[in-house]
Amino acid sequence: MKPPILIIIMATIMTGTMIVMLSSHWLLIWIGFEMNMLAIIPILMKKYNPRAMEASTKYFLTQATASMLLMMGVTINLLYSGQWVVSKISNPIASIMMTTALTMKLGLSPFHFWVPEVTQGITLMSGMILLTWQKIAPMSILYQISPSINTNLLMLMALTSVLVGGWGGLNQTQLRKIMAYSSIAHMGWMAAIITYNPTMMVLNLTLYILMTLSTFMLFMLNSSTTTLSLSHMWNKFPLITSMILILMLSLGGLPPLSGFIPKWMIIQELTKNNMIIIPTLMAITALLNLYFYLRLTYSTALTMFPSTNNMKMKWQFEYTKKATLLPPLIITSTMLLPLTPMLSVLD
Amino acid sequence: MMTYIVFILSIVFVMSFVGFATKPSPIYGGLVLIISGGIGCAIVLNFGGSFLGLMVFLIYLGGMLVVFGYTTAMATEQYPEVWVSNKAVLAAFITGLLSELLTACYILKDDEVEEVLKFNGMGDWVIYDTGDSGFFSEEAMGIAALYSYGTWLVVVTGWSLLIGVLVIMEVTRGN
């Protein structure tokens with residue numbers, strides 16, 4: 001893609017999300033969503049193979065349907081409340097429609113089917129943008145309507161998303177599909193806490209974006225899209241191999257790393273609201289997630305797969321791939337746990 | 001009949017949408033789109049929006065659909081698909097029409113029909129006078145406000161249209 005066009009399209013993707021986040025009028029929010037979706041289609045279709053085209057078509061269809069549902073919810077809200085301002089939505093039908101539309105945009109279960117297929121069909125860089133930046137806009141709207149969301153609906157979606165994200169990722173060797181199922185599970189954790197304490201959702205979103213950005217950048221350094229190519233990384237980038245180890249453990253939510261902060265806070269907030277079974281189920285199913293992250297670390301950093309001898313002695317070239325801001329990203333995605341008492345400023 | 005004209009036009013609107021949603025070839029889809037655009041314009045006209053309705057005819061039908069028609073005519077095949085040529089398309093078309101007729105009969109049946117939105121019989125599709133609308137038509141004032149208070153909206157929609165063109169160009173580039 002020619003550089004001026006790429007700059008304009010990237011700027012529009014960011015502008016679309018900004019318009020969604022900063023608008024108080026429902027029409028502008030819808031326009032922001034549409035602008036965002038329209039501008040990301042050529043990014044998804046960077047390579048012109050049929051797989052990428054199929055992926056972008058699937059993305060476009062699901063997102064357009066979700067935008068239509070959102071518009072319908074907005075119109076029903078207008079009919080009953082007479083105003084366009086984003087505030088408490090008193091009509092339950094409008095609220096359910098908006099929630100359904102936004103969860104379709106996020107890829108929560110039962111609308112999760114597009115996430116692995118779209119993520120697999122596109123390049124690693126496009127997948128990174130899809131799984132991190134595109135989650136910000138719907139999450140910000142869910143934050144704004146959080147007092148009016150039907151808790152039962154969203155909690156059901158969240159619980160099934162965590163289950164689907166855990167079980168779906170178990171049989172995958174393709175890294176992009178693993179990250180897609182990881183995204184579904186993390187979105188499930190975020191959706192579970194919105195109606196109780198939306199601030200924890202923002203915390204989870206921030207840490208999830210940091211960890212996913214780091215993971216994708218490490219994958220892009222080696223241009224590896226399968227577990228097998230990750231397992232050859234020990235020879236080229238031994239330091240990156242160790243980074244993948246701690247990053248995967250952080251994504252899985254293990255305690256001394258910062259991936260544990262959102263899970264801990266969410267379980268705490270849920271138990272404060274007298275819910276015992278749901279956080280227990282979510283914590284137990286997070287183990288499924290941890291299993292496939294551990295499998296990645298095992299094959300990358302802890303084991304040497306059988307390979308021919310000349311694979312073990314590679315030319316050590318100086319690598320020229322730029323990993324933007326990789327050190328701060330890795331540090332924030334793994335070492336933020338001691339800063340958790342800072343959350344007391346919220347009181 | 002003129003008091004029920006919006007209701008009748010809405011029914012025909014949905015039926016013409018069924019006409020192109022059943023996916024005949026694009027040239028026939030464009031034909032039905034012209035008809036549905038014209039009917040949509042008539043619905044807007046009946047609510048007093050004379051400027052906006054005529055804008056639909058001029059810009060949408062006269063600009064965009066004409067360009068669409070020309071490009072489709074360049075890319076069409078020798079025996080394009082009609083509604084009666086394929087059993088699947090015909091079945092979908094008849095299903096759509098029957099569903100619409102059944103919905104219309106359900107609404108016409110009694111005075112109080114509560115679906116998602118409360119349709120009080122015919123009241124919501126009959127044109128009514130909103131009462132105190134002043135001396136100027138609301139729609140003309142709305143369009144004037146778009147260009148005075150609503151500058152940001154014009155900027156955003158203009159940018160979205162430009163992005164639409166750029167995205168279509170990028171997607172159809174193909175190399």
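These values consider heavy atoms only, across backbone and side chains, with no hydrogens, waters or symmetry-generated copies. Chain letters run A, B, ... following the sequence lines, proteins first, then strands; residues in each count from 1.
- Scanning residues 143-169 of chain B against chain A with a 4.5 Å heavy-atom cutoff picks out B:Trp152, B:Leu153, B:Val156, B:Thr157, B:Trp159, B:Ser160, B:Ile163, B:Gly164, B:Leu166, B:Val167, ordered by number.
- Annotation: the span from A:Ile8 atom CD1 to B:Glu170 atom CD amounts to 10.5 Å, rounded to 0.5 Å.
- Within residues 19-30 of chain A, the residues having any heavy atom less than 4.5 Å from a heavy atom of chain B are, in residue-number order, A:Ile19, A:Leu28.
- In terms of heavy-atom pairs under 4.5 Å with chain B, the best-connected choice from A:Ile9, A:Thr12, A:Leu38 is A:Thr12.
- Dense packing is recorded around CZ of B:Phe20, with more than 12 heavy atoms of other residues, nucleotides or ligands lying under 6.0 Å away.
- For A:Lys321, the NZ atom sits in a packed shell: over 12 heavy atoms of surrounding residues, nucleotides or ligands are nearer than 6.0 Å.
- For A:Met125, the CE atom is loosely surrounded, since the number of other residues' heavy atoms within 6.0 Å does not exceed 12.
- Around NZ of B:Lys23, the count of heavy atoms belonging to other residues, nucleotides or ligands within 6.0 Å does not exceed 12.
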